[in-house]
Each structure stands twice: as C-alpha cells, then as structure tokens.
Asker: 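The structure follows.
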2 protein chains.
Amino acid sequence: MKNEKVLYREYLKSKNLKLTKPRCVILAAIFENHGHFNVDELYEQIREKHKNVSRATIYRTIPLLIESGMIRQSLRCESKDIYEHTYGNENHLHFICTNCGKIIETSFSKVADQIDKLAKNEGFEITEYSLAARGLCKKCKKKELKSEK
Amino acid sequence: MKNEKVLYREYLKSKNLKLTKPRCVILAAIFENHGHFNVDELYEQIREKHKNVSRATIYRTIPLLIESGMIRQSLRCESKDIYEHTYGNENHLHFICTNCGKIIETSFSKVADQIDKLAKNEGFEITEYSLAARGLCKKCKKKELKSEK
DNA sequence: AATTTTATTGAGAATGAATCTCAACTGCAT
DNA sequence: ATGCAGTTGAGATTCATTCTCAATAAAATT
Ligand SMILES: [Mn+2]
Ligand SMILES: [Mn+2]
Ligand SMILES: [Zn+2]
Ligand SMILES: [Zn+2]
C-alpha cells in the first residue's frame, strides 16, 4: 500500500484526473480489506471513519481502481458485483456453493494455460479471466446425503 | 424438441407443477432460438405470435427451464442475464470482446478436466461451470494496433 | 497567494432488470 | 362438470447502479 498509491497517482495523472481526498480514502479502504467486497460493504467500512464519502463516489471510483489495476471484478453474488484487490492476490478460480454461499478460491495456473491456448487459436487477447463453478461444498454435500436417507 | 417436451412435462409433474399454455409457448420459443438470448429478446420473440404472454411469466419460467435442464445461464452482458439452451449445445468457454461485444464460444473439455481435479481436491461437487475471459477479439486487436501508430 | 480552469463531489432523483402482489383464470384429478 | 391448487397478466415494488446538477476542490496559470 505504498507502491499502489504511487501507481494510482500516476494512473490518474495520465488520464488528467485529480487525486482527491475521497479517492485516497477509498484506495486505502480497499487495501485494509482482504478477500471479497461489494460496494455496500466498502461503503459501510469507509463510513466508520469518513462520514462524508458518498455511495455515488464509490461507484464512480471502482472503474478507476479497475483500470489502474488496483482491483478486479471477481464475482457476482446475490445480484451484487463483488471485487477483490489484485495486489499480492493472483487471479484464481472460484467455487461457489449454491447451498451455503461459501466461496472457495483455488489457484488456476494450469487451467489458465489451457485457456490461453484456446484463446491463441482464436486470435483472442485475454485481459481478464472470469472463472467460476457452482455446486455443493464438502459440508453441504454431506448434509444432502444425510437428508436423503 | 420432442424429447425436451416430454422431459419438461415429467419435470413439472414431479414438482406438482402444471403444464400450462404459456409454459409450452416459452419452451417452444427457447428451441426456435439458437445462440444466446436474454429475457427481453425472448419476450419480443414470443410476443410476435402470442400477445398475451407476460414478462413476469417468462421470468418465472426461466428457473424451471434451468432446473429441468432445458437451458443454462450462460453469461451476463450489459447488466442482463443471458441464457442458452443446453440441448445439443455442450457447455463451453466464452471469450467476450470488451470492444465490440463479440462472443466466441470454445469447447472446453480439457479445461473442465483441470477444474474437475481442483474441485475434487476441495471435495466440491460442480453442477455448473461459468467460464469466461474478457479481452480483445482478433479484429479489435488489429484495429487497436493500427490506431496506435 | 490569488485567480482561473477543470474535474469532482454529495445528495437525491432516475433507471432498469428482476421480483412480488393479487384478483381472475386454468389445468387437472376426481 | 366440479373443485382445488397452482398459474397468470398487469402493474407495483425492489434494489443495484447510474445520472444530474449546483456546490466544491484540485491543479494550472498568473
Ligand atoms: Mn477471489
Ligand atoms: Mn454460449
Ligand atoms: Zn456449502
Ligand atoms: Zn471485438
């Protein structure tokens, strides 16, 4: 969270955008956070310390954070977009339990290799993977088996 | 589109649901269609012949079609859920061009094998894959190169 | 340091996909 | 044909996200 701020500042400058207080606050909040977050959670987190940052600004800032490589869109859950920061957090595959909502993250380098090959065949240049599978986690699968008896 | 109707009828019966006229109309429309569709497109398509089927009914029917294995949720594009029918349409990987919106479909058996291994490690039982990658298609990549000169 | 330019903000209104409500209707078992 | 349950269309509602706009703040210029 030092490098990031420098990079962010550079990104903003390159786009003729200003490094404003809300933008700094939001950036900092992103890196306090580990794991996934949606706009509402981020808003509440920020509001604890900064009563004057609006939801609209968060919504407006998210695309900048994505474009500058600070965060990525990770999933969509319960009709909400979910993000995660990229720094020290390699892209990964998500297993989403449709029963309990648990999200399991798995590194996916081999999977990505396969996908890259397919993309190359199509002349497609990937900038972002969005890989998930839905189903039942270990626990929920066990429960299901029990209830079937 | 014969087998399907039988299967659908069976599914409905097993759930104590009724095979109503709108449900038949919607099912038929699904199979007229190839490729992807969203609720609005489906609605317009149906409306050409059946002025009395409501959007609400389509929204209500989609989960049934998914549960009975007729269609799957495929993507999310322009803030809309997109579906495709499963019959004779194996699951596949989507490459989505962020510039022109083109969607390229690729079979993904090898990718799925890798993912299945990862899932097995976690004791996770997959019921549905949701695999996509965003980036630039061949054409848009070329355009970009030109405009950079 | 003051001024000018330009981007940004918060608040609340607007949008739009998806869901819900409810009284009228229909499929289907008897 | 009758009755019960599930279903429908129409429109209201929800809720995430986007937009509007007058007030404000950051950077550039003097
Ligand atoms: Mn993740
Ligand atoms: Mn497809
Ligand atoms: Zn679970
Ligand atoms: Zn393209």
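In the text below, chain A, chain B and the rest are named by the order of the sequence lines, each starting its count at 1.
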Asker: Return the value, rounded to whole Å, for the distance between atom NZ of Lys13(A) and atom P of dA7(C).
Answerer: 16 Å

Asker: Please give, in whole Å, the distance from dA16(D) C1' to Tyr43(A) OH?
Answerer: 14 Å

Asker: Is it the case that more than 12 heavy atoms not belonging to Arg9(A) sit under 6.0 Å from its CZ atom?
Answerer: no

Asker: Could you check whether the rings of His92(B) and His36(B) sit parallel, tilted or perpendicular, using 30° and 60° as the cut-offs?
Answerer: tilted

Asker: For every nucleotide of nucleotides 15-22 of chain C, 5' to 3': is a protein heavy atom under 4.0 Å from its base (B), only from its sugar-phosphate (S), or from neither (-)?
Answerer: --SBBBB-

Asker: Take the protein atom CD1 of Ile26(B) and the nucleotide atom C1' of dT7(D), then report the distance between them rounded to whole Å.
Answerer: 11 Å

Asker: Do Lys138(A) and Glu122(B) meet the salt-bridge criterion of a basic N to acidic O distance under 4.0 Å?
Answerer: no

Asker: Once you round it to whole Å, what is the distance between P of dA7(C) and OH of Tyr11(A)?
Answerer: 15 Å

Asker: So His85(B) and Phe31(B), would you call those rings parallel, tilted or perpendicular, with 30° and 60° as cut-offs?
Answerer: tilted

Asker: Measure from the side chain of Arg47(A), starting at C-beta and using heavy atoms only, and say which of dA11(C), dT8(D), dT9(C) lies closest.
Answerer: dA11(C)

Asker: List in chain and number order the residues that pass salt bridge (charged side-chain N to carboxylate O under 4.0 Å, His left out) with Arg47(B), two or more places apart in sequence or in another chain; answer none if no residue qualifies.
Answerer: none

Asker: Would you kindly give the CD1-to-P distance between Ile62(A) and dT17(D), to the nearest whole Å?
Answerer: 9 Å

Asker: Once side-chain contact (heavy atoms from CB on, under 4.5 Å) is applied, do any residues pair with Glu67(B), and if so which ones, sequence neighbours excluded?
Answerer: Tyr11(B), Lys15(B)

Asker: Give one of base, sugar-phosphate or nothing for Asn52(A), where a contact means two heavy atoms less than 4.0 Å apart.
Answerer: sugar-phosphate

Asker: How close or far is atom P of dA16(D) from atom CD of Glu41(A), stated in whole angstroms?
Answerer: 11 Å

Asker: Could you list the donor-acceptor pairs under 3.5 angstrom formed by side chains in residues 20-27 of chain B, with sequence neighbours left out?
Answerer:
from     : atom 1 : to       : atom 2 : distance (Å)
Thr20(B) : OG1    : Arg23(B) : N      : 3.4
Arg23(B) : NH1    : Lys18(B) : O      : 2.6

Asker: Should we count NZ of Lys102(B) as having more than 12 external heavy atoms under 6.0 Å?
Answerer: no

Asker: When you measure from the side chain of Thr61(A) to the backbone N and O of Thr57(A), does any donor-acceptor pair fall under 3.5 Å?
Answerer: yes

Asker: Do the side chain of Thr98(B) and the main chain of Gly135(B) share a donor and acceptor less than 3.5 angstrom apart?
Answerer: yes

Asker: Measure the angle between the two terminal helix axes of the helix from dA1(C)-dT30(D) to dT30(C)-dA1(D), five base pairs each, and quote it to 10°.
Answerer: 30°

Asker: Does either side chain, that of Tyr129(B) or that of Asp116(B), offer a donor lying less than 3.5 Å from an acceptor on the other one?
Answerer: yes

Asker: Considering every strand and a 4.0 Å limit on heavy-atom distances, what is the contact class for Arg9(A): base, sugar-phosphate, or nothing?
Answerer: nothing

Asker: Heavy atoms within less than 4.0 Å of DNA chain C: which residues of residues 15-22 of chain A have one? Give them sorted by number.
Answerer: Asn16(A), Leu17(A), Lys18(A), Thr20(A), Pro22(A)

